[in-house]
Asks: 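Below: one structure in structure tokens.
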Amino acid sequence: MRENVVEELRHLQSDDQTKRKMLEILKRFHSEDETEPLDEDVDDSILSDDTIRKILSGGEVNINDLSLEEKKRFQRALAAGELSKMIEPWDPWWLKPAVRTICLSKDGAQLIQPMANREDLESDQPSDIPCGPKTPLPSLRKLISTEPSPLLAVHLVDIIYSYCFTLRVYNGDWQSDAVGSAMMVLSISSVLGQAGQPETVQEALCYCLEQTCSPAYRHIGGLQFGLALVDDITNLLSLGSPALICMLCDLQRMIMAAERELKSEKQRKLRKSETKSKLKLAERKVYFIMCWVHEQPNKALSSLAAIVSAEKSSLMEYGGNKSFPRTEKNVAGNKGKALIEEM
């Protein structure tokens with residue numbers, strides 16, 4: 001209703017009488033919407049005139065713009081989970097049927113379609129599916145002089161988990177906070193955030209699940225949320241290299257957008273420099289993995305998906321006891337403690 005009122009205002013002359021009527025309508029609507037006031041002694045269901053005027057004018061309203069009573073009501077609604085009803089659930093692009101029609105050129109670049117075929121392109125690959133690289137991907141031989149590490153497959157699992165974790169938390173909209181999204185990826189991924197070198201799929205998954213069940217993120221969904229993300233990994237791997245390249249390209253764009261945002265933010269030089277260095281290193285790793293994925297046969301990726309699926313079954317078996325198997329590297333530092341435990 002409020003959106004309809006705002007739309008009508010755009011087509012009306014904004015004289016004082018019209019403004020007063022619209023404010024009265026909004027106040028009445030807002031008052032009637034509250035069937036059970038949270039506090040009988042305080043009527044905090046009505047927005048102030050200043051706040052409503054700011055909304056009508058199209059300006060942004062932050063927490064500091066609210067009155068004391070409005071802040072209390074907002075915090076109560078937040079704690080009660082009422083605000084979540086206002087957010088439309090996001091459907092991950094990698095679960096949509098159209099994702100299986102993604103086509104890239106032989107060199108891994110996004111195919112360029114003539115303008116006449118634009119509608120066909122949009123029907124086959126919706127805009128919510130990330131685009132592939134704009135330029136051809138170089139051969140690994142041009143990037144390194146030695147054979148690529150056989151552990152890159154394990155590192156890919158770690159990176160996919162961190163990407164899916166972040167997009168689900170941000171409801172698919174990482175663009176709303178590129179820096180926050182990129183830093184979340186780095187906090188979940190040992191490969192991108194800690195320069196980790198997991199040697200097995202189990203080790204990679206255990207680290208990611210440990211972060212998911214940590215105090216910082218356990219309120220999001222804990223163990224069950226983490227296990228659902230393992231399914232996301234399996235789904236993406238089963239789609240083959242085109243979908244994975246688009247996913248990694250989207251992750252690269254996220255990190256690069258975070259780098260650009262940092263340049264415009266005012267932070268302490270030391271902290272800003274450290275963050276930029278981490279993001280730059282992560283962006284390079286993502287690009288290298290992208291080039292590696294481009295050269296992998298789909299059969300190898302399908303086999304990796306089967307391994308991840310088998311590891312999930314193992315994790316669920318251990319998960320009944322709220323703890324998980326420990327890797328040799330973590331035994332020394334966590335003696336006597338489970339590597340992952342849902343608090």
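What you are looking at is a predicted structure, and each value in this text was computed from that prediction instead of being measured. As a basis for the values below, the full set of heavy atoms in this structure was taken, side chains included, without hydrogen atoms, waters or symmetry mates.
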Asks: I need the minimum non-hydrogen distance between C291 and P138, along with the two atoms involved.
Replies: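 Heavy-atom minimum between the residues: SG-CD, 3.8 Å.
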
Asks: What pair of heavy atoms forms the shortest contact from P198 to V191, and how long is it?
Replies: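 Heavy atoms only, the tightest pair is CD-CG2, 3.8 Å.
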
Asks: Can you sort out the partners of S181 under side-chain hydrogen bond (donor to acceptor under 3.5 Å, both in side chains), two or more places apart, ordered by chain and number?
Replies: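 Per chain and number, S181 pairs via side-chain hydrogen bond (donor to acceptor under 3.5 Å, both in side chains) with no residue.
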
Asks: Could you walk me through whether I255 and V286 pass the side chain to side chain contact (heavy atoms under 4.5 Å, CB included) test, one step at a time?
Replies: CA-CA 9 Å; I255 297 174; V286 170; 4.1 Å; yes

Asks: Can you measure from CD (Q110) to SG (C246) and round to the nearest 0.5 angstrom?
Replies: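 Q110 atom CD to C246 atom SG measures 6.0 Å (nearest 0.5 Å).
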
Asks: Where the side chain of N171 meets the backbone of D173, is there a donor-acceptor pair that is under 3.5 Å apart?
Replies: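 No.
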
Asks: Testing the basics here: between C213 and R218, what is the closest heavy-atom pair and its distance to 0.1 Å?
Replies: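 Answer, listing the atom of C213 first, then R218: O-CB, 3.7 Å.
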
Asks: Can you list every side-chain hydrogen bond (donor to acceptor under 3.5 Å, both in side chains) pair that touches residues 277-288, not counting sequence neighbours?
Replies: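 Non-adjacent pairs meeting side-chain hydrogen bond (donor to acceptor under 3.5 Å, both in side chains): Q252-E283.
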
Asks: State which residues pass ring pair (Phe, Tyr, Trp, His ring centres under 6.0 Å) with W292; sequence neighbours excluded, sorted by chain then number.
Replies: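 For W292, no residue satisfies ring pair (Phe, Tyr, Trp, His ring centres under 6.0 Å) once neighbours in sequence are set aside.
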
Asks: Would you say F225 ends up clustered with W90 if hydrophobic residues are merged whenever their side chains have heavy atoms under 4.5 Å apart, either directly or through other cluster members?
Replies: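 Yes: a chain of side-chain contacts under 4.5 Å links W90 to F225.
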
Asks: Would you say S190's side chain and Q194's backbone share a donor-acceptor pair under 3.5 angstrom?
Replies: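 Flag not set: sc S190 to bb Q194 has no pair under 3.5 Å.
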
Asks: Identify, with sequence neighbours excluded, every residue that meets side-chain contact (heavy atoms from CB on, under 4.5 Å) alongside T146.
Replies: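 With neighbours one apart ignored, the set is empty.
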
Asks: Do S241 and H294 make a side-chain contact, defined as non-hydrogen atoms from C-beta onward lying under 4.5 Å apart?
Replies: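 No. Closest side-chain heavy atoms not under 4.5 Å.
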
Asks: Would you kindly confirm whether L281 and M254 end up in one hydrophobic cluster when ILVMFWY residues are joined by side chain heavy atoms under 4.5 Å apart?
Replies: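 Different hydrophobic clusters.
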
Asks: Would you call T275 and M183 a side-chain contact if the rule is heavy atoms closer than 4.5 Å?
Replies: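 The answer is yes, as the side chains (C-beta and beyond) meet within the 4.5 Å cut-off.
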
Asks: Can you name the residues that form a side-chain contact (heavy atoms from CB on, under 4.5 Å) with E295, not counting sequence neighbours?
Replies: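 With sequence neighbours excluded, E295 shows a side-chain contact (heavy atoms from CB on, under 4.5 Å) to S139, L140, given in chain and number order.
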
Asks: Evaluate the side-chain proximity of L304 to V201: yes if any heavy-atom separation is below 4.5 Å, no if none is.
Replies: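 Contact flag for V201/L304 side chains = yes.
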
Asks: Could you tell me which residues satisfy side-chain hydrogen bond (donor to acceptor under 3.5 Å, both in side chains) with D232, sequence neighbours excluded, listed by chain and number?
Replies: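 Residues passing side-chain hydrogen bond (donor to acceptor under 3.5 Å, both in side chains) with D232: W94, R168.
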
Asks: Holding to side-chain contact (heavy atoms from CB on, under 4.5 Å), I want the full list of residues that pass it with S302, two or more places apart in sequence or in another chain.
Replies: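 S302: no side-chain contact (heavy atoms from CB on, under 4.5 Å) contacts found.
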
Asks: Where the side chain of S145 meets the backbone of R141, is there a donor-acceptor pair that is under 3.5 Å apart?
Replies: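 Checked: no pair found.
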
Asks: With side-chain contact (heavy atoms from CB on, under 4.5 Å) as the test, pick out the partner of L251 among L167, I160, L192.
Replies: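 Among the candidates, only L192 passes.
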
Asks: Please name all residues satisfying side-chain hydrogen bond (donor to acceptor under 3.5 Å, both in side chains) with Y161, sequence neighbours left out, ordered by chain then number.
Replies: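 side-chain hydrogen bond (donor to acceptor under 3.5 Å, both in side chains) list for Y161, sorted by chain: T212.
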
Asks: Determine whether a donor-acceptor pair (N or O, by modelled atom type, separation under 3.5 Å) exists between the side chain of S189 and the backbone of L186.
Replies: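 It does not hold such a pair.
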
Asks: Strictly by salt bridge (charged side-chain N to carboxylate O under 4.0 Å, His left out), give each pair with a member in residues 157-167 just once, sequence neighbours left out.
Replies: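 The answer is none; no pair qualifies.
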
Asks: Using a 4.5 Å cut-off on heavy atoms from C-beta on, say whether the side chain of P130 contacts that of R253.
Replies: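 Yes, side chains in contact.
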
Asks: Under 3.5 Å, side chain of Q211 to main-chain N/O of I188, donor-acceptor pair present?
Replies: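 Judged by distance alone, no pair lies under 3.5 Å.
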
Asks: Checking side chain to side chain contact (heavy atoms under 4.5 Å, CB included) for the pair M184/W174: CA distance, chi angles, key distance, verdict?
Replies: CA-CA 10 Å; M184 180 174 287; W174 63 258; over 6 Å; no

Asks: Side-chain heavy atoms nearer than 4.5 Å, only ILVMFWY residues, links allowed to pass through others: does that put L151 and L205 together?
Replies: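 No, L151 does not connect to L205 through the hydrophobic network.
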
Asks: Give the C-alpha distance, both sets of side-chain angles, the deciding distance and a yes or no for side chain to side chain contact (heavy atoms under 4.5 Å, CB included) between D107 and L137.
Replies: CA-CA 6 Å; D107 54 20; L137 295 175; over 6 Å; no

Asks: Between I245 and M256, is there a shared hydrophobic cluster once you connect ILVMFWY residues whose side-chain heavy atoms come closer than 4.5 Å?
Replies: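 They do not share one cluster, since no chain of ILVMFWY contacts under 4.5 Å joins I245 to M256.
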
Asks: Which residues satisfy the side-chain hydrogen bond (donor to acceptor under 3.5 Å, both in side chains) test with S187, sequence neighbours excluded?
Replies: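 Here the qualifying residues are Y217.
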
Asks: Indicate yes or no: at least one non-hydrogen side-chain atom of V154 is less than 4.5 angstrom from one of T200.
Replies: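 With C-beta onward as the side chain, the pair stays apart.
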
Asks: So, taking the atom named CG in L156 and the one named CG in L244, what distance separates them when rounded to the nearest 0.5 Å?
Replies: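 Answer for the CG-CG pair, L156 versus L244, is 6.0 Å.
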
Asks: Taking the side chain as everything from C-beta on, heavy atoms only, tell me whether L315 gets closer than 4.5 Å to C206.
Replies: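 In contact.
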
Asks: Could you check if a side-chain atom of Y163 sits within less than 4.5 angstrom of a side-chain atom of L248, using non-hydrogen atoms only?
Replies: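 A side-chain contact is absent here, since even the closest heavy-atom pair is not under 4.5 Å.
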
Asks: Any donor and acceptor pair, going by atom type alone, linking the side chain of S309 with main-chain N or O of A306 inside 3.5 Å?
Replies: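 Not a single qualifying donor-acceptor pair exists.
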
Asks: Quick one: do I102 and I129 satisfy side chain to side chain contact (heavy atoms under 4.5 Å, CB included)? Show the steps, please.
Replies: CA-CA 9 Å; I102 295 177; I129 296 178; 3.6 Å; yes

Asks: Considering residues at least two apart in sequence or located in another chain, which fulfil the side-chain contact (heavy atoms from CB on, under 4.5 Å) criterion with E261?
Replies: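 For E261, the residues satisfying side-chain contact (heavy atoms from CB on, under 4.5 Å) (neighbours in sequence not counted) are A178, V179, E265.
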
Asks: Answer yes or no: is there a side-chain heavy-atom contact under 4.5 Å between P97 and R100?
Replies: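 A side-chain contact is absent here, since even the closest heavy-atom pair is not under 4.5 Å.
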
Asks: List in chain and number order the residues that pass salt bridge (charged side-chain N to carboxylate O under 4.0 Å, His left out) with D231, two or more places apart in sequence or in another chain; answer none if no residue qualifies.
Replies: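 Only K312 meet the salt bridge (charged side-chain N to carboxylate O under 4.0 Å, His left out) criterion with D231.
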
Asks: Please step through side chain to side chain donor-acceptor pair (under 3.5 Å) for the pair D250 and W93, ending with a clear verdict.
Replies: CA-CA 12 Å; D250 193 39; W93 59 265; 4.8 Å; no

